[in-house]
Structures are given as structure tokens and as C-alpha cells.
Amino acid sequence: MKLDAAGKACPIPVIMAKKEMDKGTKDLSIVVDGQTQIDNLTRLGDTYGRKASAAPEGDRFLVTFEDGDGTIPETAKSYDEGSYAVFFNKGGVGAGDDELGQNLAKMAIFTLSQQEDNIPSYILFMNGGVKLTTGIEPQIVDNLNTLIEKGTKVLVCGTCLNFYGVKDDCKVGTVSNMYDILGAMQEVSKVITL
């Protein structure tokens, strides 16, 4: 089956492909516009044990999934008690002064990076929060990389990066989508919004 997701923003291509995989569709490919969709579909394929490959198709790309073993992952993920995600939906912590908010975000991420136990499973960035991943404050990028080395997954909303025109400036984390970010929130026992 060949799906056409040309012109559709993420997470729509991921959701289209996931529906077909959940139905057990084996011969599956999907037309998309660019690298962000390819990356998101590749992660979806990995989740389902179906390696994805991409090839140019005109001015678009065709992502094709291997058939896999037909196994569908459990939709309800279990989580470890005490697991958590930290969610940044703006370029700082709190409301009021922007410079203070950015400094508070820098201190929060630093504090998290210094912990040996109980590090977050995820740090998630959406809306104005994606600007924190662009190197406007190098210490934030360094501390996020420290957390990644300790096992934290950092997901950054690709739609938000594009909206603010800073996609090429993202210095840390995985450029992701709403589907993956909401999935991460559902996977943990609590989400802390800063």
C-alpha cells in the first residue's frame, strides 16, 4: 500500500503509517516532503521492528517499510513508578521577566544534569521552549548533552522549530513531533511543566 502524505505536517504522516501498521499492512510505503518526516517515520518503523528506507521520488521522498514479523507493539505502555518527564513549553521558567525565566531554565537543566539518581526519562521542548535547544545559552546545550549521556531522551518539536525559523539552529536532542512527545508523556508516571 502506498500512502500519500505530501504536504502534510508531522505528526500526520506518522499517524497514517501507524494506522496501517496496526492493521497489519505489510507492503507499506508513504510519500513525504522532507527529512523531518523521514526521521519520524524511521523511528516509528524501529518501534514496530520494520526498518524504513527513503528514496527520492520527484521533489518528494518515498519511505518504504520492511515487512517485519507482523508483531504490533502494545499500545498501552507500562511505566516505571517514579519515572518522569520535564516539559518546557516556553523559552524560560515562569511568567514575568524573560531574562530571569531563561536563567531559571538554565539553572533547572543544570540541576537536573548534576543528579546521579532519579534523572528524567525525557526532557521535552515545544512552542517557545525549543529556543532553549538552539545554543542561545551554551550551558543549556552542554547540560542537556550530559543528561543524554546519562540516559535522558531529549525530544524537540520540529513543527515549533520550523515556526520560529530555528530548525537549523537546534544543537541538541532529537527533532521530533507531537505523536512522539505525547507518547513520552504517557510513558512516564508524571510530567513536570516548567
Side-chain angles (χ1 to χ4, degrees), residues 10-11 14 34-54 73-74 77-94 99-194:
C10 280
V14 172
Q35 193 61 48
T36 299
Q37 292 94 344
I38 293 168
D39 293 343
N40 290 332
L41 288 165
T42 298
R43 283 193 304 277
L44 175 70
D46 291 345
T47 299
Y48 278 74
R50 296 180 67 173
K51 183 174 171 40
S53 59
E74 292 179 32
K77 296 181 180 179
S78 59
Y79 54 83
D80 294 328
E81 192 63 39
S83 64
Y84 69 101
V86 178
F87 179 53
F88 288 90
N89 61 4
K90 53 188 178 254
V93 172
E99 184 179 347
L100 174 61
Q102 186 178 335
N103 284 332
L104 292 171
K106 178 173 69 171
M107 287 186 276
I109 294 169
F110 171 74
T111 302
L112 291 169
S113 75
Q114 297 306 299
Q115 296 179 11
E116 293 304 321
D117 298 328
N118 199 27
I119 62 167
S121 300
Y122 294 94
I123 298 186
L124 310 167
F125 295 92
M126 292 185 91
N127 207 324
V130 300
K131 294 176 185 178
L132 295 170
T133 68
T134 64
I136 55 173
E137 182 57 61
Q139 184 181 353
I140 290 174
V141 172
D142 292 343
N143 291 324
L144 287 171
N145 279 321
T146 297
L147 283 160
I148 290 169
E149 289 170 10
K150 292 180 177 185
T152 298
K153 294 177 185 167
V154 175
L155 303 181
V156 185
C157 172
T159 299
C160 304
L161 288 166
N162 286 332
F163 178 83
Y164 288 109
V166 295
K167 183 173 182 197
D168 293 336
D169 299 328
C170 184
K171 305 270 190 274
V172 64
T174 300
V175 177
S176 193
N177 59 66
M178 183 68 74
Y179 176 81
D180 290 338
I181 291 171
L182 288 177
M185 289 179 175
Q186 294 167 339
E187 187 179 315
V188 296
S189 61
K190 66 181 173 184
V191 177
I192 301 167
T193 302
L194 293 178

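These figures come from a predicted structure and were not determined experimentally.
The nearest pair of heavy atoms linking Gly82 to Ser189 is N-OG, 3.3 Å. Minimum interatomic distance between Val175 and Asn40 (heavy atoms only, all atoms of both residues): O-OD1, 3.7 Å. Nearest heavy-atom pair across Val130 and Tyr164 is CG2-CD1, 4.1 Å. When all heavy atoms are compared, the tightest approach of Val191 to Val188 is CG2-CG2, 4.0 Å. Shown here for Cys170 and Val172, the closest heavy-atom pair between the two residues is SG-O, 3.4 Å.
How far CD1 of Ile192 is from CG of Leu112: 7.5 Å, rounded to the nearest 0.5 Å. Between the CD1 atom of Ile109 and the CD atom of Gln139 there is a distance of 9.5 Å, given to the nearest 0.5 Å. Taking NZ of Lys190 as the start and OG of Ser121 as the end, the distance is 11.0 Å to the nearest 0.5 Å. Put simply, CE on Met126 and CG on Leu182 are 6.5 Å apart, with the number rounded to the nearest 0.5 Å. Atom SG of Cys157 sits about 11.0 Å away from atom NZ of Lys167, to the nearest 0.5 Å. Note: Arg43 CZ to Thr174 OG1 = 6.0 Å, rounded to the nearest 0.5 Å.
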Please report, to 0.1 Å, the donor-acceptor pairs under 3.5 Å made by any side chain of residues 145-156, with sequence neighbours excluded.
from: Asn145; atom 1: ND2; to: Val141; atom 2: O; distance (Å): 3.3
from: Thr146; atom 1: OG1; to: Asp142; atom 2: O; distance (Å): 3.2
from: Lys150; atom 1: NZ; to: Ser113; atom 2: O; distance (Å): 2.6
from: Lys150; atom 1: NZ; to: Gln115; atom 2: O; distance (Å): 2.8
from: Thr152; atom 1: OG1; to: Pro120; atom 2: O; distance (Å): 2.7

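The side-chain heavy atoms of Asn118 and Tyr84, taken from C-beta on, include a pair separated by under 4.5 Å. At least one side-chain heavy atom of Phe125 sits less than 4.5 Å from a side-chain heavy atom of Leu132.
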